[in-house]
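Below is one structure, written out as structure tokens; the observations come after it.
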Amino acid sequence: MNPHLTARPRRLRQSPAMRALVRENMLRPASLVLPVFVREGISEPQPIASMPGVVQHTLDSLVEEARRCIEAGIGGIMLFGVPETKDAVGSGATDPNGILNVATRRLREEFGNGLLLMVDLCLDEFTDHGHCGVLDDQGRVDNDATLEVYGRMAVAQAQAGAHIVGPSGMMDGQVAVIRHALDEAGFADVAILAYTAKYASAFYGPFREAVNSSLQGDRRTYQQDPANLRESLHELELDIAEGADMVMTKPGLPYLDVLARVAEASPVPVAVYQVSGEYAMIEAAAAQGWIDRDRVILETLMSFTRAGADIILTYAALEAAQWIREGKDAH
Ligand code: PBG
């Protein structure tokens with residue numbers, strides 16, 4: 001025995017009971033949000049090749065999935081729509097009969113307030129050019145013309161029954177314009193989950209397949225440069241001033257530093273999005289037998305919690321909720 005060794009942190013690691021006693025963070029099913037895709041004009045759910053286990057839902061299979069979410073006790077769903085036809089201004093987004101609004105209405109009718117409905121507020125799924133906004137005559141994304149559409153889209157989503165809208169397009173002023181439009185239309189209770197620090201990331205690759213994206217090029221004139229951190233704190237200040245009820249950082253794992261800094265500075269709840277490419281990487285490695293899929297997923301979710309996230313969007317939300325119930329996250 002070494003007499004000089006007084007501090008022995010291993011004392012607190014020696015048994016499951018001791019580790020449970022001193023565990024600093026916990027995962028909760030109610031903090032998890034499942035992103036889901038609903039596609040117009042299909043009669044069977046369509047698998048998404050780059051995201052094993054994730055599908056584009058029909059309206060009926062979406063309802064079944066939502067029921068499973070309620071049973072699993074997760075925090076809610078984030079709904080994305082995949083329309084049959086697209087045009088330059090993304091008309092399907094503001095049309096009450098557009099797939100996203102139809103699906104939202106169906107879920108709200110079916111489940112009322114039993115499931116929190118978060119709805120993606122962005123044009124990229126609805127535009128034929130695939131950008132998150134409308135274009136000017138030189139083909140550039142026109143910020144202020146886009147804001148006008150976002151305002152109408154927010155009202156259409158609120159009318160359909162959204163509890164929370166999630167503007168993900170990274171237009172300047174989007175939160176203020178959406179808040180104003182919602183309040184004017186009598187939807188002061190509809191909350192805004194702002195995509196505050198959203199980076200121009202290659203990790204969104206599989207999502208583009210999931211929403212049949214027609215994007216050529218990239219989103220670097222509106223999403224953030226991966227090199228920047230201070231800029232996220234500026235975006236946070238702006239979104240808070242504009243009335244964001246919750247803020248999000250995205251992607252997750254490659255941007256844990258951003259999450260931690262935003263969580264430290266934010267006066268409102270902070271969400272993180274474990275995006276499609278992160279999910280795909282875990283699936284691919286697990287399929288090779290190179291990693292233990294379930295443990296890796298739980299470890300990534302814990303890293304978000306440790307970094308300060310209050311809310312976690314993940315394609316594994318349903319499974320993770322089950323694992324947490326079984327105590328698999330705490331060994
Ligand atoms: C835009 C949007 C994207 C994602 C969520 N909202 C795609 C993009 O910005 O290109 C990506 C989510 C993921 O990769 O899982 N509506």
Side-chain angles (χ1 to χ4, degrees), residues 32-39 48-56 77-83 86 90 92-94 98-101 103-104 118-134 141 146 149-150 153-154 157 162 164-171 174 178 192-226 235 247-255 271-284 297 300-301 304 311-317:
L32 302 177
V33 173
L34 181 70
V36 286
F37 304 99
V38 59
R39 179 168 165 190
I48 300 160
S50 51
M51 301 174 72
V54 182
V55 302
Q56 296 173 326
I77 63 168
M78 175 64 81
L79 193 56
F80 294 93
V82 186
K86 309 181 185 205
T94 48
I99 182 63
L100 189 54
N101 297 323
T104 303
M118 312 184 184
V119 184
D120 183 56
L121 202 169
C122 190
L123 288 179
D124 65 317
E125 290 99 34
F126 297 94
T127 52
D128 52 14
H129 45 73
H131 276 294
C132 295
V134 296
V141 175
T146 300
V149 184
Y150 282 2
M153 189 174 180
Q157 294 183 340
I164 301 174
V165 296
S168 63
M170 291 302 280
M171 294 301 127
Q174 61 185 9
I178 289 166
I192 300 176
L193 166 55
Y195 285 59
T196 291
K198 178 172 177 182
Y199 285 84
S201 172
F203 284 94
Y204 307 147
F207 178 93
R208 309 254 163 102
E209 181 197 344
V211 299
N212 301 359
S213 172
S214 27
L215 182 70
Q216 307 285 326
D218 60 59
R219 306 199 195 286
R220 284 179 218 185
T221 67
Y222 43 105
Q223 298 179 346
Q224 291 174 243
D225 184 338
E235 288 279 3
V247 296
M248 192 197 296
T249 70
K250 178 184 177 188
L253 220 48
Y255 295 82
V272 63
Y273 198 142
Q274 180 173 52
V275 302
S276 57
E278 298 178 67
Y279 178 83
M281 283 199 306
I282 295 173
E283 291 297 324
I297 290 173
T300 60
L301 302 184
F304 300 139
I311 302 161
I312 302 171
L313 284 82
T314 172
Y315 296 98

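Keep in mind the model is a prediction, meaning the values are calculated, not measured. We count ligands from 1, going down the list as the structure has it; atoms in each ligand are counted the same way.
Contact check for Thr196 versus Met248: no side-chain heavy atoms found under the 4.5 Å cut-off. Between Glu235 and Met170 there is a side-chain heavy-atom pair separated by less than 4.5 Å. Side chains of Met78 and Leu193 form a contact here, defined as non-hydrogen atoms less than 4.5 Å apart.
Considering both main-chain and side-chain atoms, Asp120 comes within under 3.5 Å of ligand 1 through a nitrogen or oxygen pair. Below 3.5 Å of separation, one finds an N or O of Tyr315 facing an N or O of ligand 1.
Ranking the protein heavy atoms by distance from atom 14 (O) of ligand 1 puts Ser276 OG, 2.7 Å first. The nearest protein atom to atom 8 (C) of ligand 1, hydrogens excluded, is given as Arg219 NE, 3.4 Å; this is a heavy-atom distance. The closest protein non-hydrogen atom to atom 16 (N) of ligand 1 is Asp124 OD1, 2.7 Å. At the shortest separation from atom 4 (C) of ligand 1 among protein heavy atoms lies Lys250 NZ, 2.8 Å. The protein heavy-atom contact nearest to atom 2 (C) of ligand 1 is Lys198 NZ, 3.1 Å. Remark: minimum distance from atom 12 (C) of ligand 1 to any protein heavy atom is reached at Phe207 CD1, 3.3 Å.
In Val275, the parts holding a heavy atom less than 4.0 Å from any atom of ligand 1 are both the side chain and the backbone. Contacts of Val211 with ligand 1, taken as heavy-atom pairs under 4.0 Å, are absent altogether. Here Cys122 has side-chain heavy atoms under 4.0 Å from ligand 1, and that is the only part of it that gets that close.
In this structure, the ring of Phe37 has its center less than 6.0 angstrom from the ring center of Phe207.
Residue contact check for ligand 1: Glu125 places a non-hydrogen atom closer than 4.0 Å to it. Using a non-hydrogen distance threshold of 4.0 Å, Tyr273 registers as a contact of ligand 1.
Near Phe80, with a cut-off below 4.0 Å to any heavy atom, the atoms of ligand 1 are 5 (C), 6 (N). Residue-ligand proximity, Arg208 to ligand 1, at heavy-atom distances under 4.0 Å covers atoms 8 (C), 10 (O). Each of the following atoms of ligand 1 lies closer than 4.0 Å to a heavy atom of Gln223: 8 (C), 9 (O).
The existence of a salt bridge linking Asp124 and Arg219 is confirmed by a sub-4.0 Å separation between a basic side-chain nitrogen and an acidic carboxylate oxygen.
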For this session: Evaluate side-chain hydrogen bond (donor to acceptor under 3.5 Å, both in side chains) for Asp120 paired with Ser168, printing each intermediate quantity in order.
Result: CA-CA 7 Å; Asp120 183 56; Ser168 63; 2.7 Å; yes

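Panel note: side chain Tyr204, backbone Val275; no donor-acceptor pair is recorded below 3.5 Å. The backbone N or O of Ala154 lies less than 3.5 Å from no partner atom in the side chain of Gln157, so there is not a single donor-acceptor pair. No donor-acceptor distance shorter than 3.5 angstrom exists from the side chain of Tyr255 to the backbone of Val272, with no hydrogens or angles considered. Between the side chain of Gln56 and the backbone N or O of Val82, no donor-acceptor pair lies under 3.5 Å.
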